[in-house]
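Reminder, nothing fancy here: chain letters follow the sequence lines and each chain counts from 1.
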Amino acid sequence: MIERPELKEVRRQIRLMAREFGAEYWREVDRTRAFPDAFVDLMAEKGYPGALIPKEYGGLGLGPSTAAVVVEEINRFGGDASVINAQMAISSTLVRDGTDEQRARYLPGIASGKIRLLTVAATEPDSGADMSHLESYARLDGDHWVLDARKVLISLVEHSDLMILLVRTDRGPTLFLLDRKELGDKIETHSVTLIANRLTTTLFIDGLRVSDVARLGPVGGGLKCLMKGFALRRLLAASESIGNARFFLDRSIEHAKTRITFNRPVGQNQGVQYPLTQAYAKTEAADLMRWDALRLLESKQDASGRSALAKVLASEAAWEAGRAALTSFGGWGLATEYDIERKLRDASVFVFNNMLLSYIAEQVLGLPKAF
Amino acid sequence: MKILVPLKRVCDPDNANKVKVSGDGKAVTSEGLEWKPNPFDEYAVEAALRLNENAAKNEKLGEIVVCSIGVADVAQTIRQALAMGADRGILVTADDGALESTVVARALKALVEKEKPDLVLMGKQTVDGDSNAVGQMLAEMLGWPMATFVASISTSDGGKSLNVKREVDMGVVTLKVTTPAVVTVDLRIVSPEAVKNGATPDSHKYNEGPRYASLKGIMQAKKKKIDQLELPALGSDATPATTYPRFELPPARSGSCTFVESVDALVDKLKNQAKAF
């Protein structure tokens, strides 16, 4: 697939931002476990949060390919695309399943970056990724809902103006779109420090009364609404991983050419060459799969299987490229100043693929359902 | 104001050490290097955008035409300036090898006569050839006023004259230039308060450097018009005034380093060994 010229320009523009938001900026954000405010503000000023939002709601109405190259290039230059990924991907649930009123109220602000929608709270302490056994519960009380929820591994909620919450109701899993300003003391968060800077928390909501206006999508349709966005989310995760893989490869190849030990460049050693070549081959394959899945998604075909394959391949390619980078850099790969260790930690976030492998086994290979 | 900004692409200046000379010594080759807009030309695009807008109200005030001379791929470089906010482009196709300062200046003169801009705003030099000649030649050929190495511009008389500051070896020269004119810009033209146009409030501070294109700008740029014509169609004389018989790379540096004991020893070595003065 030949990339459209405007996407090349998007890549170039993102790379230009590395001048201002170079390694030192991201090291400091990572070290202090901070939210990358200045970078996110610049992305907002240049219109990126509105990439996937329809024009009638103040966005640009572009396809997922644009979002894919944006997150890829941020990671490739050594930045962290997780926040802009969240803003672009999660808003698509609101675009698809929000009421006209919800869309008109929030989408223009999300597109301009004034409103941050960065969080989907779905995972629970006891059921993990098993969304069919939710403990968090919403009960109807007159014309209001009363929400009680306990969620774990929830990213960015303290920096998000809006969040999407998945809870059980008597008629099945249901989504709510919650405005943080209206939550008051009904929400409590406890930060959980992870290996990577994901600003993760455990989240408690206790007896929150919301009107039915806060419901997102049909009662009992919560999982379906989320699943409709899975192909996009997998493809952005794949694209972030391809960016991480290429970061490792770019840095390692340059290092392997220029670092001299035993009177020759380390890249002359097959022990360095082969892991890099293997990782490169897998990255290129993942990249092609990613574009094939994007092609399906943009032409409104079923991209579920291809997007799952792309996410698995890309996340594993990034992990392998990170391992190859350690072989090229030796001990320096573990030093903060070379950024390899930081990006390895970022890349680790994407390697949990068992649920997807089961999904592919069942949906693509036709094997019996595992979960 | 109508501004014409000539723009040249150059091979990645951050990797200038990877430039090679062809086997026959007839040409400089830059295979494998990325093409980028000449940085000084990019500053000229930014200065033109600042001159032709009200940044506080996000309003555009005039027209900016970007032109380039070279192979068809140069359209991509023009497109980058259109993404930043320029209005339209002109691509004069020609073989890169046949272009030197005189040919370029003559072609630009023909374009100026066709487009009739109020101002030609361009980089003080390109970072590949480093000739620093086209702007001066163009002004001479047109018989227009000229200001080179300009680090700040403020307009007066509704844009009919420009008060510019030029950075030269002796200090800063302040000039008043009446338009139409040729102005070549230096690095500091993209500092936060270097351009005052009477429309954007004087207190406005831009970000340092050329602006990033917005995502909307990038998408709009693909719909903006780039007129394409061949160099002979301009009718300008395309015979180069200078030719380059042979290129050679400078000898590789030895990279040696000598430590000296005192300032006197250093001065002695600089004078007698390096013959620096």
Side-chain angles (χ1 to χ4, degrees), chain A residues 2-22 38-55 58-71 73-74 77 79 84 87-88 108 111-113 250 253-254 257-258 260, chain B residues 7 9-15 17-18 32-39 42-43 45-46 49 55-56 58 66 72-86 89 91 187 190-192 205-224 226 255:
Chain A
I2 297 167
E3 195 163 297
R4 299 193 296 270
E6 67 270 22
L7 292 186
K8 283 198 178 129
E9 182 59 15
V10 171
R11 287 185 190 276
R12 197 185 73 93
Q13 287 293 333
I14 301 283
R15 279 200 299 273
L16 288 176
M17 293 176 183
R19 286 183 196 163
E20 204 176 325
F21 295 95
F39 180 71
V40 171
D41 286 349
L42 174 64
M43 293 297 286
E45 185 193 318
K46 296 300 164 188
Y48 289 93
L52 303 178
I53 292 175
K55 286 181 183 168
L60 293 164
L62 300 169
S65 296
T66 308
V69 300
V70 168
V71 297
E73 284 301 326
I74 294 171
F77 79 58
I84 191 70
Q87 178 95 344
M88 291 192 295
S112 70
D250 292 346
I253 292 164
E254 185 61 26
K257 284 178 186 167
T258 52
I260 308 287
Chain B
L7 177 67
R9 67 169 193 179
V10 295
C11 63
D12 187 356
D14 296 331
N15 280 306
N17 57 337
K18 292 181 182 160
L33 287 181
E34 205 181 333
W35 293 106
K36 293 191 170 174
N38 173 44
E42 220 177 0
Y43 306 153
V45 172
E46 173 64 27
L49 290 165
N58 211 3
V66 177
D73 277 357
V74 174
Q76 188 66 26
T77 311
I78 294 177
R79 208 63 81 188
Q80 291 167 5
L82 299 180
M84 287 169 75
L91 168 61
L187 167 68
V190 291
S191 55
K205 281 191 183 175
Y206 282 94
N207 288 330
E208 179 83 37
R211 67 194 61 189
Y212 302 105
S214 68
L215 188 53
K216 191 177 181 180
I218 296 168
M219 297 302 155
Q220 282 174 342
K222 65 181 175 181
K223 292 178 195 143
K224 288 180 180 172
I226 300 180

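Interface remark: A/Leu42 contributes side-chain atoms only to the contact with chain B (heavy atom separation under 4.5 Å). For A/Leu16, the parts lying under 4.5 angstrom from a heavy atom of chain B are both the backbone and the side chain. Proximity to chain A is limited to the side chain of B/Lys222, based on heavy atoms less than 4.5 angstrom apart. Contact of A/Met17 with chain B is made through backbone and side chain together, with heavy-atom distances under 4.5 Å.
Considering only heavy atoms from C-beta on, B/Gln80 comes within 4.5 Å of A/Glu9 through its side chain. Using a 4.5 Å cut-off on side-chain heavy atoms (C-beta onward), A/Glu20 and B/Tyr212 make contact.
Rounded to the nearest 0.5 Å, atoms NZ (A/Lys8) and CZ (B/Arg79) are 13.5 Å apart.
With sequence neighbours left out, the side chain to side chain contact (heavy atoms under 4.5 Å, CB included) criterion links A/Ala68 to A/Leu236, A/Ser239, A/Arg290, A/Leu294.
Using a cut-off of 4.0 Å between Lys/Arg side-chain N and Asp/Glu carboxylate O, A/Arg15 and B/Glu34 are scored as salt-bridged.
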side-chain contact (heavy atoms from CB on, under 4.5 Å) assessment of B/Leu215 paired with A/Lys46: CA-CA 6 Å; B/Leu215 188 53; A/Lys46 296 300 164 188; 5.9 Å; no
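Counting heavy-atom neighbours within 6.0 Å of B/Lys224 NZ, excluding the residue itself, gives a total above 12.
Under a 3.5 Å cut-off, the side chain of A/Gln13 and the backbone N or O of B/Ala213 do form a donor-acceptor pair.
Chain B forms more heavy-atom pairs under 4.5 Å with one residue of A/Leu62, A/Thr66, A/Val70 than with any other, namely A/Leu62.
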